[in-house]
Amino acid sequence: MSTGHGDARGKEFERVLDALRTRIADGTYALKSRLPTQRNLAAEFKVSRATVQRALEELIIDGWVMPRQGSGTTVIHSPIHSRIQQPETPLVRAALGPFIARAFAQPVVRLDVFTLTSESLDTHIRVQAERIRLGGTPPESIQLRMLLPSESLALPYPRATEMVGDTDVRRTPDELDRLQGQLQERLHTITRRHTESLRETLIDLMTQGKVPSVEVQIGHVRLTPASKLYLSRGAEVLFGPYEVVKRPILLGKETVDALDVLGLESKLTRHVNDEGDPNAPGSMFMESMQSWFDSCWDLLAEGLPERPEPPLNP
């Protein structure tokens, strides 16, 4: 987990950061809107401005907000697949928030996920955990299997562009290598933070007696995610390709133009298993994606507890 100094360390910092993430995710702080001032946020949460400042720095690193001189902090990426759909509003795009909510409404939550950083999943897991803590009906058990790209894998994104901005200045190979190392480490830091966050959130539900059984397993594969995959086993699947974009990324005090993917902006499609018709398109897609995930989990995943070798097909 991330830490800061003073009361920015630990629970107070995490409380403020979680609240800000949730408000951006549910549209309370809409895209292109300005966040309240640090002074007002510090007063609302009854914490120091150092705590608020550290939380904002984390949101900047994650690409959710951007400070603008003279005009405060602006929301630059609002997770379009997390906004709450009102019943009277037609659903034009599948949404991760309702998908996770439907999964958590079942007695047994069984989720399989393949993603780049787990940032989006972390946000919505925390929303459901807070609902349960506030008295919402909990599931009897939660089982999460998540696959992430191996940290030893040289990913094609994020990657610094060869040219500097819109100029004719070309970066040297040594400079590109330096920036690439920093960009990869930034990605790994974001992934570790959100992965540990969602793991602790789910395990806390069990240690607090809210959910009787929780199992979180995280494996790594030497595969670059070209899309994100969320499987609610036997029920439905969300699938969405990552779109590669050119965007500025903040590295310390330096802003670098880079090729990257915006997971929060991924357009997801929903496919539902039709138990009465195994040949229905949704059922076939669900079966195909589940088989693919299981094969990667059984044969390619690293970092899992020792398990018996799967039998060879005759």
Side-chain angles (χ1 to χ4, degrees), residues 1 14-31 58-59 62-65 75 77-86 91 93-106 108-134 136-139 141-148 190-206 210-211 214-218 225 227-233 235-240 242 262-272:
M1 301 296 291
E14 295 293 344
R15 179 170 65 86
V16 174
L17 181 59
D18 293 345
L20 294 179
R21 280 184 185 145
T22 299
R23 291 177 186 182
I24 294 174
D26 67 16
T28 300
Y29 299 146
L31 184 66
E58 293 292 335
L59 293 176
D62 289 351
W64 290 49
V65 302
V75 177
H77 289 299
S78 180
I80 55 179
H81 52 281
S82 68
R83 295 171 189 162
I84 298 174
Q85 298 285 338
Q86 300 300 324
L91 183 62
R93 184 175 295 160
L96 182 57
F99 171 88
I100 298 297
R102 287 191 295 271
F104 270 72
Q106 302 303 311
V108 177
V109 180
R110 299 191 303 166
L111 294 173
D112 291 335
V113 177
F114 180 46
T115 185
L116 183 63
T117 66
S118 76
E119 179 180 4
S120 303
L121 182 64
D122 179 29
T123 297
H124 297 294
I125 289 290
R126 285 182 168 274
V127 170
Q128 290 304 310
E130 185 64 16
R131 177 189 64 81
I132 293 170
R133 290 192 195 95
L134 293 176
T137 302
S141 69
I142 300 172
Q143 302 167 18
L144 171 64
R145 298 190 301 177
M146 183 163 64
L147 287 174
L148 297 167
I190 291 173
T191 302
R192 294 180 203 124
R193 179 171 64 249
H194 289 292
T195 301
E196 187 62 24
S197 171
L198 72 86
R199 187 203 299 271
E200 287 189 1
T201 297
L202 292 175
I203 296 299
D204 282 349
L205 289 176
M206 182 171 62
K210 302 294 185 180
V211 177
V214 173
E215 183 179 15
V216 180
Q217 293 180 285
I218 298 172
S227 58
K228 53 174 55 181
L229 175 68
Y230 302 96
L231 288 153
S232 180
R233 272 180 267 170
E236 58 179 306
V237 55
L238 292 189
F239 178 84
Y242 286 111
L262 301 176
L264 296 174
E265 299 291 334
S266 296
K267 298 176 179 65
L268 300 173
T269 57
R270 181 186 180 214
H271 306 265
V272 180

Measure the spacing between CZ of Arg23 and CG of Asp18 and express it to the nearest 0.5 Å.
11.5 Å

Side chains of Leu229 and Val113 in contact at under 4.5 Å (non-hydrogen atoms)
no

Answer yes or no: is there a side-chain heavy-atom contact under 4.5 Å between Ser118 and Met146?
yes

Has the side chain of Arg131 got a donor or acceptor atom that lies under 3.5 Å from a matching backbone atom of Thr137?
yes

Is the shortest heavy-atom distance from the side chain of Phe114 to the side chain of Leu231 under 4.5 Å?
no

Sequence neighbours left out, what passes ring-ring contact (aromatic ring centres under 6.0 Å, His included) with Phe99? Give chain and number order.
none

With no hydrogens and no angle check, do the side chains of Arg126 and Thr22 hold a donor and an acceptor under 3.5 Å apart?
no

Nearest 0.5 Å please: distance from the CG atom of Leu96 over to the CG atom of Leu268.
6.5 Å

Can you find a heavy atom in the side chain of Lys228 that is under 4.5 Å from one in the side chain of Leu116?
no

Do Arg21 and Ile24 have side-chain heavy atoms sitting under 4.5 Å apart?
no

Student check: side-chain heavy atoms of Val214 and Ser141 closer than 4.5 Å:
no

Counting distance only, does the side-chain N/O of Thr269 pair as donor-acceptor with the main-chain N or O of Phe239 below 3.5 Å?
yes

Close side-chain approach of Leu205 to Ile132, heavy-atom, < 4.5 Å
yes

